[in-house]
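Written out below as structure tokens is the structure these notes cover.
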Amino acid sequence: MPELPEVETMRRGIAALSGARILEARFPVGRCRPLSMRPAPGRLAEALGGAVIGPVTRHGKRVAIALAGGGPDAWLVIEPRMTGLLLVADPPTEKHLRMELLLDGPVRRLLFWDQRGLGTIRLLDAAGLERACGGAALGPDGLVVTAEALAERLGASRRAVKVALLDQRAVAGIGNIYAAEILHRAAIDPRVPCRRLRSDDFERLARAARRVLASAVDHEGSSIGDELYRTADNRKGRFQRLHRVYGRAGHPCRRCGGAIARIVQAQRSTFFCPGCQRAAGARGLVPGRRRA
DNA sequence: CGTTCAACCTGGGCGC
DNA sequence: TGCGCCCAGGTTGAAC
């Protein structure tokens with residue numbers, strides 16, 4: 001579910017909790033897969049109880065909640081993955097509530113709810129935070145990525161540009177929805193190998209990434225159909241209304257009127273407009289063409 | 001180096 | 001009503 005815009009919206013929705021003390025941390029029994037929580041829930045609850053919430057930051061698709069109060073520096077790092085939500089409002093169901101933090105501030109509790117349970121909760125020290133969210137793990141944030149950074153990190157790659165944009169080490173925060181929307185705005189064929197892109201393609205790509213992601217943040221992310229994503233105070237995002245290609249296979253392109261296509265790349269759906277997104281793609285993608 | 005597959009999970013929608 | 005299958009916003013590791 002959440003990509004950069006949704007995770008940033010969650011971050012903003014809980015940023016005001018800074019300064020609140022955690023009175024108690026609860027991890028409902030039986031809903032904690034061993035791999036998704038580190039350390040184990042018991043130790044997690046022990047470490048969180050009594051801590052004071054500090055600044056809340058975002059690193060790609062991860063939220064880091066700084067913890068103060070006595071002990072050494074620590075961060076609670078939450079990765080929502082497909083269906084995770086950080087909520088101050090009531091959860092959709094009690095069933096998939098994974099973590100409940102009771103607070104002493106005006107907001108009484110912070111929840112992590114996750115239907116599919118793929119999300120992760122980790123308590124990290126400074127070294128762990130660097131390992132999980134530092135420059136070796138994550139590329140530049142999608143909101144501020146530059147053409148130079150993209151060209152440097154992807155320029156030599158043979159991978160299709162859509163697949164490469166999902167690589168968090170290249171650029172952080174882009175997922176399946178926004179990769180499609182960004183490439184449409186940049187008018188680049190998702191199948192083009194990165195190495196075939198020229199500097200003006202990288203310029204359009206970086207500008208499209210910044211603009212699409214910033215606009216999606218302004219609209220509080222995308223809540224598609226009856227999907228689960230909500231803001232921390234349980235409102236739907238509004239960016240889905242502005243999608244140009246994602247989820248629109250067979251529908252007319254809002255720019256050229258041609259039919260939006262759906263293909264599969266790296267086992268995931270890619271939506272694009274074959275009419276608008278071929279300027280760069282035409283080079284080297286002629287059917288039947290072999291290397292000389 | 002790059003791709004493919006499976007795995008981790010739940011749940012909605014579809015055809016039969 | 002039920003069953004089997006496919007799909008879904010993500011990430012990781014193994015195999016080729």
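All figures in this text were calculated on a predicted structure; none of them were measured in a lab. Per chain, numbering begins at 1; letters A, B, ... match sequence-line order.
- Checking the phosphate oxygens (OP1, OP2) of dA8(C), no side-chain nitrogen or oxygen of R81(A) falls inside 4.0 Å.
- Side chains of E6(A) and Y178(A): a donor-acceptor N/O pair is present below 3.5 angstrom, by distance only.
- Of the possible polar contacts, one joining the S157(A) side chain to the R159(A) backbone as a donor-acceptor pair under 3.5 Å is found.
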(request) Please test E220(A) against T231(A) for side-chain hydrogen bond (donor to acceptor under 3.5 Å, both in side chains), starting from the C-alpha separation and ending with a verdict. (result) CA-CA 7 Å; E220(A) 299 184 299; T231(A) 64; 5.4 Å; no

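- Between dC8(B) and S36(A), no contact under 4.0 Å exists linking OP1 or OP2 to a side-chain N or O.
- Separating the CG atom of L166(A) from the P atom of dT12(C) is a distance of 13 Å, rounded to the nearest angstrom.
- Rounded to an integer number of Å, the gap from CD1 of I177(A) to P of dC7(C) is 17 Å.
- Here E79(A) lies in heavy-atom contact (under 4.0 Å) with sugar-phosphate atoms only.
- Contact of the I177(A) side chain with the F271(A) side chain is not registered, since no non-hydrogen atoms from C-beta on lie closer than 4.5 Å.
- Other residues, nucleotides and ligands contribute over 12 non-hydrogen atoms within 6.0 Å of the CZ atom of R238(A).
- Taking 4.5 Å as the limit, every side-chain heavy atom of R62(A) sits out of range of all side-chain heavy atoms of I78(A).
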(message) R244(A) vs E181(A), test: salt bridge (Lys or Arg N to Asp or Glu O under 4.0 Å). Steps then yes/no.
(response) CA-CA 6 Å; R244(A) 296 184 179 192; E181(A) 296 300 321; 5.6 Å; no

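- Base-pair partner of dC9(B): not found among the strands shown (Watson-Crick or G-U wobble, both distances under 3.5 Å).
- Here, dC5(B) and dC6(C) have their P atoms 14 Å apart, quoted to the whole Å.
- Rounded to whole Å, the distance from CZ on R268(A) to C1' on dC7(C) is 12 Å.
- When the C1' atom of dA8(C) is taken as reference, atom CG of L228(A) falls 10 Å away, rounded to whole Å.
- The interatomic distance linking Q267(A) (CD) with dG13(C) (C1') rounds to 14 Å, in whole Å.
- In this structure, Q240(A) places its CD atom 18 Å from P of dA8(C), rounding to the nearest Å.
- Residue D114(A) contributes atom CG, which lies 13 Å from atom P of dG10(C) at whole-angstrom precision.
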Considering only nitrogen or oxygen atoms on both sides, find all protein atoms under 3.5 Å from nucleotides 10-14 of chain B and state each distance.
{"residue": "dT10(B)", "atom": "O3'", "partner": "H96(A)", "partner atom": "NE2", "Å": "3.1"}
{"residue": "dG11(B)", "atom": "OP1", "partner": "K95(A)", "partner atom": "NZ", "Å": "3.2"}
{"residue": "dG11(B)", "atom": "OP1", "partner": "H96(A)", "partner atom": "NE2", "Å": "3.4"}
{"residue": "dG11(B)", "atom": "OP2", "partner": "K95(A)", "partner atom": "NZ", "Å": "3.4"}

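- Heavy atoms of T83(A) sit nowhere under 4.0 angstrom from any nucleic acid atom.
- Nucleic acid contact for R169(A): none, since no nucleic acid atom lies under 4.0 Å from a heavy atom of the residue.
- Classified by interplanar angle (parallel below 30°, tilted 30° to 60°, perpendicular above 60°), the ring pair H96(A)/W113(A) is perpendicular.
- Closest contact between the side chain of R159(A) and the listed nucleotides dT12(C), dG2(B), dA8(C) involves dG2(B).
- Comparing dC9(B) with dG13(C), their P atoms are spaced 16 Å from each other, to the whole Å.
- In the set dA8(C), dG2(B), dC9(B), dG2(B) carries the atom at the smallest distance from any side-chain atom of S157(A).
- Nucleic acid contact for Y178(A): none, since no nucleic acid atom lies under 4.0 Å from a heavy atom of the residue.
- Atom P of dT1(C) sits at a distance of 23 Å from the matching atom of dT10(B), rounded to the whole Å.
- dT4(B) atom C1' lies 18 Å from atom CZ of R158(A), rounded to whole Å.
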